[in-house]
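Whatever order the structure lists them in is the order used to number ligands and atoms, beginning at 1.
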Amino acid sequence: MRVLYVLLGVMVVGAWAQVLPKITEPPCDSPEAEAAAAVFQDYINAQRTSGFKYAMNQIDEIKIKITPDTEIYNMEFDLLETKCHVLDPRPLADCPVRTKAEAAVEADCDVALTKSGGVLVVTAHRCESEPETSAEDICLGCAHLLPLNDTNALQMATASLAAFNNRTANVTISKYAVLEVGRLTAQIVSGALQLFAEYAIVETNCTTTDDDNCAPLNKTLATYGFCTAGSVSGNVSVDCRIFTPEPAVEPATNGTVPLLMVDMGLLSAESAESLDPVVASLIPIVKRQAPAAETVAPGSQPVNLPFCPGKVKYF
Ligand SMILES: *[C@@H]1O[C@H](CO)[C@@H](O)[C@H](O)[C@H]1NC(C)=O
Ligand SMILES: *[C@@H]1O[C@H](CO)[C@@H](O)[C@H](O)[C@H]1NC(C)=O
Ligand SMILES: *[C@@H]1O[C@H](CO)[C@@H](O)[C@H](O)[C@H]1NC(C)=O
Ligand SMILES: *[C@@H]1O[C@H](CO)[C@@H](O)[C@H](O)[C@H]1NC(C)=O
Ligand SMILES: *[C@@H]1O[C@H](CO)[C@@H](O)[C@H](O)[C@H]1NC(C)=O
Ligand SMILES: *[C@@H]1O[C@H](CO)[C@@H](O)[C@H](O)[C@H]1NC(C)=O
Ligand SMILES: *[C@@H]1O[C@H](CO)[C@@H](O)[C@H](O)[C@H]1NC(C)=O
């Protein structure tokens with residue numbers, strides 16, 4: 001009887017040890033938090049097919065649940081919209097974030113990551129993007145966002161692309177079509193309304209000498225680009241960059257690129273997000289060996305240290 005009783009006690013203790021995971025809350029500027037932020041930043045930019053790339057602005061919260069096999073990170077991030085379209089092959093480091101005067105857009109993201117075998121993977125996320133405090137509050141005459149169906153701004157965009165397609169009227173090169181309007185803004189400058197449009201373009205099967213029935217080229221063949229256009233009192237100016245075809249459009253497959261795209265079918269339950277879910281990226285992270293004493297620290301409670309949110313990178 002006594003033996004059985006003791007055995008039972010051991011089993012119960014063993015079960016408790018398994019069930020109660022350790023929860024830690026490292027500082028938001030700790031290497032763990034920043035490694036996870038970097039993984040999420042790469043993930044969100046690799047995964048989206050429309051809109052602009054986002055840059056990490058601040059880590060708001062981190063909780064790590066440690067179980068024998070995995071570490072589950074629950075985090076909250078603030079990111080800021082950059083001026084690079086997601087199809088733009090420029091690395092994020094070369095993509096300036098929009099200032100408040102340029103009508104900044106912020107994304108608040110709740111993110112779950114799982115670290116197992118030293119690899120940190122995004123397993124779920126939910127983001128909401130919204131204009132940073134209305135630019136009009138900050139300065140009179142700053143740009144403010146227009147809805148993406150604004151008729152006048154869209155007409156201006158169409159006219160600007162016609163001008164771009166007409167730039168070399170006697171050379172037979174491809175015509176481009178609007179792929180996606182990314183941003184429309186308006187600004188009052190010395191009493192005059194200026195409209196601005198930013199849009200991605202896709203190559204069509206027409207040349208500049210063809211007139212109608214232009215269809216976007218097959219995704220694998222088309223080149224893409226990005227235009228910024230503006231108009232003052234009806235005078236339209238446009239500046240388009242055609243991307244060199246290789247990166248960004250297709251996920252990198254070369255072993256020299258440390259970014260591996262894996263479709264994990266992870267549709268998050270909440271679908272009201274403005275940044276869409278689905279794919280996960282695996283990025284090898286050098287595993288930090290926690291000292292054994294730390295891992296078995298008994299009765300550890302989440303400690304609310306004054307180390308979150310972390311530092312603000314931009315504003
Ligand atoms: C733009 O979209 C909004 C909401 O979808 C709609 O209420 C509005 O009428 C649209 N405006 C134009 C000019 O189409
Ligand atoms: C195209 O360019 C020619 C020569 O510069 C100009 O005469 C014509 O009006 C332009 N067409 C459009 C649609 O901009
Ligand atoms: C277009 O053709 C005209 C006449 O043939 C020539 O003078 C002009 O330089 C050409 N323009 C371009 C951009 O090639
Ligand atoms: C482009 O493709 C469309 C649709 O397939 C076709 O109707 C049109 O004739 C093509 N245009 C040219 C210039 O090849
Ligand atoms: C796109 O082009 C590739 C290669 O030329 C071809 O295999 C594929 O069927 C095309 N897809 C479409 C939708 O036309
Ligand atoms: C529009 O362009 C015309 C011709 O280039 C120029 O005379 C006029 O000053 C421009 N208007 C504005 C508001 O820039
Ligand atoms: C992969 O990278 C190596 C070395 O940089 C290069 O030689 C090879 O052509 C690349 N392969 C592809 C498919 O891009």
Verdict with supporting geometry, Thr223 and Glu203, side chain to side chain donor-acceptor pair (under 3.5 Å): CA-CA 6 Å; Thr223 57; Glu203 192 178 3; 2.9 Å; yes
Glu128/Arg126 salt bridge by N-O under 4.0 Å criterion: yes
Separation between CD1 of Ile72 and NZ of Lys63, rounded to the nearest 0.5 Å: 13.5 Å
Ala215 backbone acceptor or donor facing Asn205 side chain under 3.5 Å: yes
Residue and atom name of the nearest protein heavy atom (relative to atom 12 (C) of ligand 4), distance in Å to one decimal: Asn205 ND2, 3.5 Å
Partner of Glu81 under salt bridge (charged side-chain N to carboxylate O under 4.0 Å, His left out), chosen from Arg98, Arg48, Lys53: Arg98
Nearest neighbour in protein (non-hydrogen) for atom 1 (C) of ligand 1: Asn149 ND2, 1.4 Å
Protein contact to atom 13 (C) of ligand 1 [nearest heavy atom, distance to 0.1 Å]: Thr151 OG1, 3.5 Å
Atom 4 (C) of ligand 4: the protein heavy-atom neighbour that sits closest, reported with distance to 0.1 Å: Ala215 CB, 3.9 Å
Which residue and heavy atom of the protein sit nearest atom 8 (C) of ligand 4, plus the separation: Asn213 O, 3.2 Å
